[in-house]
Amino acid sequence: MNDIVRIFDTTLRDGEQAPGASMTLAEKVMLAQLLDRMGVDILEAGFPVSSPHQFESVQAVAEAARRPVIAALARAVKVDLQAAIDALQGAQYPRIHTFIATSDIHLTAKFGEAKYGTTLAEKRRTILKMAVEAVQMARAFTSDVEFSAEDAGRTDPGYLCDVLAAVVEAGATTLNIPDTTGYCLPHEYGALFARVRAMIPDTRVVLSAHCHDDLGLATANSLAAVAAGARQVECTLNGLGERAGNASLEEVVMALHTRGEAFGVATNIVAAQLMDASRAAQQATGFPVAPNKAIVGRNAFAHEAGIHQHGILKNRATYEIMRPQDVGQDPDAGIRLGRHSGRAGLFSRLEKIGATLTSLNLDDIYERFVLLADRKKELYDTDLRHLLSSSSPDAVMPAYQLQHFRVLVETGQDPKADVTVFEKHEGTTSTTTGTGDGPVSALYSALDAATGQPHELVSYSIRSVSEGADAVGEVTALIGHSGAFFRGVARHTDVLQASAEAYLDALNQLEAYRNDRNGVRFAGEGIMSSFGG
Ligand code: MN
């Protein structure tokens, strides 16, 4: 029988403390419900005393998520504890999570006033007493009390043990030993847990890890703690959190699932929902994860290099230790075609989109593929259809090319735009105009007039991909037409230029798709009807 490591999600509390990551009440409730369904054991919903919003968030999450334990954070002072108790009144399984700093550096800086004592030894005694009293007060409200020794990672281990032993005596049921500053190395952090476990052998008292990624060690430290007896890990979706972030939930969970035999533990998380939860957190916070982010990044299971693609197509285990579907990623999205791809990857994708390879000149196609891949970052199915349908490299040039645009924005006036677009098939250049609620919508209505293709704009998003006043903006425009979707992406320091290019990129894909379909109809039912009619 494997031991269960409890997953304590603090995306809504420590995660939200990431500068700029604030979430609305509705977003928190939505995330809490996802985390509930995913099997999170404990959900830290907020820090009620800190603001009315935090207080209401804890109440709303306690109402919306009925299965997990709902934790509310409180400093080891009465006003905090009372706010946490009040906010948790409606919770099915309430937990008070109370904390106080124990490291000398925190004691000196945060408890400098004489009322806490004048010497370090006096301050240590005061802090220990405050911790015990806080746990007692929390315990009077609920039997589920967690105590955190803030900055435990830099606390004198002897004093840390004294505090932890005293709070267990006072009724704490979970002991969190946070590496608040992300300072510890895995072997040190593990040794700390081993020492505390030896002092408190009663496993009904759960030891908890809480790590930060300042040195990129949050996941490694969490795992070292598990190996040394921790049975709760505090973590956040996408590793959100203060500074470099907290331990990332998806990394900790998948390390324990993939290498469970190394630890003799399991978790209650339904890993196939990790991708959905990650996307929801990205959306709610506005923090996208890097493409190479472990587990949930867009490229986490993608292979572009030819030698890797060849191996993966024969047996995924050659280059993968987890299956994409295990974490909710799309297994078919894994083979990416770009300039590093080889013949195996290209031909496999061609077969997937319906090409009969035996009837094709494969050398010729591969050669044209390499030429095109040099010009485009990534090749999509529409590009491949072009490679198949034409022998001239010119055919892969997009149907519409933007030659010039102008946008006029003026107080009190609707923005106006005009665009000049070259249309390849007709060989003509035309200038069209449009207006809209904002500059982008004016630009898009002018491009609509230029291309005249029926479609709808499904979504538009813009994000900064570098920093500073001359930051590069990346625009993604998703358009749809009768059930098919096309995603255009463009980057530019001028976000209007990027907006126009992204939209035209999507329109070009739609145009290519439409031509392909027309081609198919002509070869199939089109021929029949021209004879029959
Ligand atoms: Mn923290």
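Note that ligands are numbered from 1 as they come in the structure, with each ligand's atoms numbered from 1 the same way. One is the number of the first residue; the rest follow in order along the sequence.
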Inset, instruction - Please assess E501 against Q497 for the test side-chain hydrogen bond (donor to acceptor under 3.5 Å, both in side chains), listing each intermediate value before the final yes or no. - result: CA-CA 6 Å; E501 286 175 3; Q497 174 98 38; 2.8 Å; yes

Inset, instruction - With V40 as reference, evaluate L237, L249, N268, L34 under the side chain to side chain contact (heavy atoms under 4.5 Å, CB included) test and give the passing residue. - result: L249

Legend entry - Polar contact flag, side-chain donor to acceptor under 3.5 angstrom, T142-D144: no

Legend entry - Student check: side-chain heavy atoms of H53 and K28 closer than 4.5 Å: yes

Inset, instruction - State, without any angle test, whether N238 and S278 hold a side-chain donor-acceptor pair at a distance under 3.5 Å. - result: yes

Inset, instruction - Return the set of protein N, O or S atoms whose distance to the Mn ion (ligand 1) is under 2.8 Å, each given as residue and atom. - result: D14 OD2, H210 NE2, H212 NE2

Exercise answer: donor-acceptor pairs, residues 218-228 side-chain atoms, under 3.5 Å, sequence neighbours excluded:
{"unit_1": "T219", "atom_1": "OG1", "unit_2": "E251", "atom_2": "OE1", "d": "2.7"}
{"unit_1": "N221", "atom_1": "ND2", "unit_2": "C184", "atom_2": "O", "d": "3.0"}
{"unit_1": "S222", "atom_1": "OG", "unit_2": "A218", "atom_2": "O", "d": "2.7"}

